Amino acid sequence: MDTHELLALLVRHREQLRQWLDEDQYRHFLAMTERLREVGDDPERAGMAVMAIVRALWPVPDEAGVLAELLHADHRSIVTATTVPTSEAVLAALEELYAAPAAGEPDRTEAEAADPIAADPIAADPVAADPVAAVIAAARRRLLTAPSRAAAPAGSPAAGDGPADVIVLADPEDGPRSPEFQFDPDTGQPRDIVVRINRILLADRDPWGAADWWLGRNSWLGGPPASLLGRVPDDRLADAALALVEEGGR
């Protein structure tokens with residue numbers, strides 16, 4: 001199975017996985033999936049990471065269909081058929097898997113369940129027919145729900161001194177938006193540590209990836225980096241960003 005297809009499959013069944021796996025098992029499954037962020041462009045390492053993900057699914061019941069079939073497949077063939085996933089696809093899948101509600105927790109409002117297209121205009125995009133594009137689109141929708149402000153004009157103090165200083169996301173409804181966590185609540189200017197890390201993450205080239213790093217759960221830091229601003233040393237945040245860049249060959 002192609003690695004992108006596997007990620008899309010896991011995302012589609014994320015709610016069932018939360019029911020089939022207890023908390024410790026689901027955390028282990030997430031940790032194994034995180035390994036895909038460290039494979040670089042090495043197909044062999046990607047294959048071993050996929051194998052670790054499959055092994056983490058051992059509690060999945062036999063009636064789980066294609067997921068259960070993975071447990072009984074020829075593991076050697078799984079490894080040899082593995083492709084190296086794009087970093088964006090891995091990050092997008094992890095965002096969805098981390099956000100999956102535990103058993104009994106609501107995932108969507110009744111309005112969204114009744115009419116997901118009306119409740120979510122981005123879902124009407126034709127790319128949703130592509131499993132990988134759908135995963136990426138879902139992650140972007142989640143990022144756009146974070147508190148944000150209209151992007152400042154280039155050259156203004158709130159826009160920073162360089163193009164990578166402040167993350168700007170293209171919202172199809174509200175235009176360019178900058179996630180609010182980037183700004184000092186007292187001065188309204190970009191935080192120094194945010195500018196420093198945004199430059200490391202090349203936020204001008206990959207604003208969605210940079211936003212996902214800030215707003216997604218980070219296993220090394222123990223939470224979303226944006227929520228840890230002012231709570232952990234700035235250098236520790238920067239080290240975590242550097243580690244990602246070094247692993248991904250950015």
Side-chain angles (χ1 to χ4, degrees), residues 11 14 88 91-102 105-113 116 118-125 134-234 236-238 240-241 244:
V11 169
R14 61 192 182 279
E88 188 175 27
L91 289 171
L94 284 167
E95 178 77 13
E96 292 295 306
L97 293 170
Y98 272 115
E105 292 182 0
D107 185 31
R108 302 189 302 174
T109 64
E110 292 183 3
E112 288 175 319
D120 185 0
I122 303 177
D125 195 311
V135 170
I136 293 173
R140 290 184 174 183
R141 289 196 299 272
R142 189 176 300 280
L143 293 174
L144 289 173
T145 65
S148 65
R149 61 174 67 179
S156 66
D161 296 328
D165 289 2
V166 175
I167 296 169
V168 178
L169 303 178
D171 188 322
E173 294 185 353
D174 297 325
R177 306 289 298 180
S178 292
E180 189 65 36
F181 72 83
Q182 301 178 100
F183 304 96
D184 186 302
D186 296 323
T187 66
Q189 305 306 309
R191 303 172 188 257
D192 290 342
I193 183 57
V194 169
V195 169
R196 177 180 167 191
I197 291 176
N198 283 348
R199 291 174 179 174
I200 293 172
L201 298 175
L202 303 179
D204 54 333
R205 300 184 191 177
D206 184 13
W208 294 103
D212 186 81
W213 184 86
W214 279 108
L215 296 168
R217 180 174 173 78
N218 186 293
S219 59
W220 194 54
L221 294 170
S227 70
L228 301 175
L229 286 166
R231 298 170 53 195
V232 303
D234 288 354
R236 187 179 177 200
L237 292 173
L244 173 65

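Because the structure is a prediction, the values reported are computed rather than measured. Numbering starts at 1 and runs along the sequence shown.
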**Pair N198, Q182: side-chain N/O donor-acceptor within cut-off below 3.5 Å** = yes
**Message:** For a 4.5 angstrom cut-off between non-hydrogen side-chain atoms, does P172 reach L144?
**Reply:** yes
**Item:** For the student: nearest non-hydrogen atoms of R142 and T145, plus distance
**Value:** O-OG1, 2.5 Å
**Request:** Can you see which heavy atom on G216 is nearest to which on P225, and at what distance?
**Result:** O-CD, 3.4 Å
**Prompt:** Looking only at atom types and distance, does a side-chain atom of D165 sit under 3.5 Å from a main-chain N or O of D161, one as donor and one as acceptor?
**Reply:** yes
**Item:** Distance, nearest 0.5 Å, that separates CG of D204 from CZ of R199
**Value:** 10.5 Å
**Prompt:** Got W213 and L91 here, is their nearest side-chain heavy-atom distance under 4.5 Å?
**Reply:** no
**Asked** What is the distance from atom CG of D192 to atom CD1 of I197, rounded to the nearest 0.5 Å?
**Response** 11.5 Å
**Request:** Find out whether V168 and R177 are in side-chain contact, i.e. whether some heavy atom of one side chain is under 4.5 Å from a heavy atom of the other.
**Result:** no
**Asked** For R149, does the CZ atom sit with more than 12 other heavy atoms under 6.0 Å from it, leaving out its own atoms?
**Response** yes
**Prompt:** About how many Å separate CZ of R141 and CG of L143, when rounded to the nearest 0.5 Å?
**Reply:** 11.0 Å
**Message:** If you compare all heavy atoms of P157 against all heavy atoms of P190, which two are closest, and at what distance to 0.1 Å?
**Reply:** O-CD, 3.6 Å
**Complete:** Tightest non-hydrogen contact, residues A159 and P153, listed as CB-O, 3.3 Å
**Prompt:** Side-chain contact, heavy-atom cut-off 4.5 Å: P224 with L215?
**Reply:** no
**Asked** Does any N or O in the side chain of E96 come within less than 3.5 Å of the main-chain N or O of A93, such that one atom is a donor and the other an acceptor?
**Response** no
**Request:** Check for a donor-acceptor pair, side chain of R231 on one end and backbone N or O of L228 on the other, with a separation under 3.5 Å.
**Result:** no
**Asked** How close do G160 and V166 get, heavy atom to heavy atom, and via which atoms?
**Response** N-CG2, 4.3 Å
**Asked** Do S148 side-chain atoms and E180 backbone N/O form a donor-acceptor pair below 3.5 Å?
**Response** no
**Message:** Taking the side chain as everything from C-beta on, heavy atoms only, tell me whether L169 gets closer than 4.5 Å to P179.
**Reply:** yes
**Fill in**
In short, A238 meets I193 closest at the heavy-atom pair CB-CD1, 4.4 Å
**Message:** Donor-acceptor check, side chain of D206 to backbone of A203, threshold 3.5 angstrom: yes or no?
**Reply:** no
**Cation over ring face, R191 and F183, 6.0 Å, 45°** = no
**Asked** Considering only heavy atoms from C-beta outward, does the side chain of F181 approach that of I167 to under 4.5 Å?
**Response** yes
